[in-house]
Amino acid sequence: NQLKSSVWHPNTQMKEWNSFDKITKGKGMWLIDSKGNKMLDGVASMWCNVWGHSNPELVRAITNQSKKLQHSSMFNLTNEPAEKLAENLVNISPGMHKVFFSDNGSTAMEIAIKLALQYWKNIGEKKKTKIATIENGYHGDTFGAMSVGYVPEFFGKFKEQLFSTIQFPVPNKYRIPKGFTFSDYQNYCIENIEKKISKNNNIAAFIMESGAQVAGGVIIYPKGFQRKISQLCKKYDVLFVLDEIATGLGRLGSMIQYEEQKSTPDIVAYGKMLTGGYLTMAATMTNKKIYDSYLGEFNDWKHLFHGHTYTGNPIAAAVANENLKMYKTKSLIKKIQKTSKVFEKFYQEISEIDIVGDIRHKGMLMGIELVTNRKKKTPIHPKKSINKIFFEEGKKQGIYLRTLGNIVMLVPPLAISEKELNLLLNGVIRTIKAARLKVI
Ligand SMILES: *Cc1c(COP(=O)(O)O)cnc(C)c1O
């Protein structure tokens, strides 16, 4: 291994890499490396970029705010951009009442977990301590987030330290258990949830991704699935906690995914797209019922013991405000719904490639599942990481890709043009064909 760099990269077998391309510039949907090579950003720089790179409005919001106030604590104080952002978020999130700021999606979910668990303590209900979740969900890499979003391949090494949850299967149309139709299986999944949560009076909260599981393999929920869980939570007095970090703010084609799903969370978390992909910030929101349970005399000790150094950072909040404003002024959601149709034009051509088992798409998200045997649906499993093979082949086509297990993920910046999305999809088809012989 000849790596001279001191950097340890995320989710990476460092031995596989001799060097990493150094990105020195970003312009629109393109990343440019130190040698001047251009790559189309097919993963929106880890699913967070909205308007492309070096957007003048967003850059201006950052520079203007950074000249006034760079950081001032939310402990005992407040600041204008964070106040405004909280108001903006409450305005777009039906049923939500207060916002707790943190730095990233994982911490936003840690806060959601703490808020839900302490709620029951605050109202004097001691039994409700368990958390229910969906199998293969993903909510971040910190310990609480790993516990509620357990992906065995990622987190198996820490199993002993994670708290236990009650997990329910997700209806995945591509992998329906033997003997079921898809519709029967959906009913079975919901009935199974009702059976368990009606019997166990110790469930504090049901936590799930909103609209789709992304890191768990792009499993898009069938219509009604999330709404029915939301209804069961109300019926059996379980808090409903939604993670919109990857799927809200436009990724699946609507601003607020839980609205589209006709579901009503008690707590919801946003992250990734919040600042347009420019600075690190996340938000955990709650309804009035949760918030009110935290009010009391100081020595009731009902307040939330949680806080980060950079909570409510004014520069991040300022760019988030500009970003949310642009969603409106540039009718981004409408644009996404239109651009999203470009994916559909490619279904046929992609599914004709013999290692493609399934295509799953909604809004600005597409997962292409690769298999060695289409009949048996055997996931491809080469010795070398699929990601590295696809990254290298993608680079030759001028596109930046990052796969997840045997799923090729297409998660472009939300404002990508139809022309660039065509480029990306044609590049992906060439990449899969070129990588084919290296992965089977
Ligand atoms: C990315 C992600 C997180 C974690 O966010 P980080 O900012 O990476 O910590 C949580 N939930 C979902 C659904 C995500 O996709």
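Start at 1 and go down the list; that is how both ligands and their atoms are numbered.
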Numbering as shown, the atoms of ligand 1 that approach [X] to under 4.0 Å (heavy-atom distance):
X      : value
Glu209 : 13 (C)
Gly140 : 4 (C), 10 (C)
Asn104 : 7 (O), 9 (O)
Ala246 : 15 (O)

Subject >> Working for salt bridge (charged side-chain N to carboxylate O under 4.0 Å, His left out), residues Asp21 and Lys395 >> reply: CA-CA 10 Å; Asp21 298 323; Lys395 210 164 79 174; 2.8 Å; yes

Can you check whether [X] has an N/O within less than 3.5 Å of an N/O in ligand 1?
X      : value
Asp243 : yes
Gly105 : yes
Lys272 : yes

**OP:** Go through Lys388 and Glu392 one step at a time and tell me if the salt bridge (charged side-chain N to carboxylate O under 4.0 Å, His left out) criterion holds.
**Re:** CA-CA 6 Å; Lys388 183 127 194 314; Glu392 280 164 0; 2.6 Å; yes

Original post:
Considering residues, nucleotides and ligands other than Lys234, do more than 12 of their heavy atoms fall under 6.0 Å from its NZ?
Top reply: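 Enclosed: over 12 neighbouring heavy atoms sit under 6.0 Å from NZ of Lys234.
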
Subject >> side-chain contact (heavy atoms from CB on, under 4.5 Å) partners of Asp358, counting only residues at least two apart >> reply: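 If we apply the side-chain contact (heavy atoms from CB on, under 4.5 Å) test to Asp358, skipping adjacent residues, the hits are Tyr174, Arg360, Glu369.
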
Subject >> Residue from Lys223, Lys362, Arg227 passing salt bridge (charged side-chain N to carboxylate O under 4.0 Å, His left out) with Glu260 >> reply: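 The salt bridge (charged side-chain N to carboxylate O under 4.0 Å, His left out) with Glu260 is passed solely by Lys362 among Lys223, Lys362, Arg227.
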
Original post:
Tell me: protein heavy atom nearest atom 9 (O) of ligand 1, and distance?
Top reply: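 Answer for atom 9 (O) of ligand 1: Ser106 OG, 2.6 Å.
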
Subject >> Identified side chain to side chain donor-acceptor pair (under 3.5 Å) counterpart of Ser210 within the set Gln261, Gln257, Gln226 >> reply: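 With Ser210 as partner, Gln261, Gln257, Gln226 yield a single side chain to side chain donor-acceptor pair (under 3.5 Å), made by Gln226.
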
**OP:** Would you kindly specify which portion of Trp47 sits under 4.0 Å from ligand 1, judged on non-hydrogen atoms: side chain, backbone, both or neither?
**Re:**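 Just the side chain.
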
**OP:** Measure from the side-chain N and O atoms of Asn37 to the backbone N and O of Asp33, and report whether any donor-acceptor pair falls under 3.5 Å.
**Re:**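 No.
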
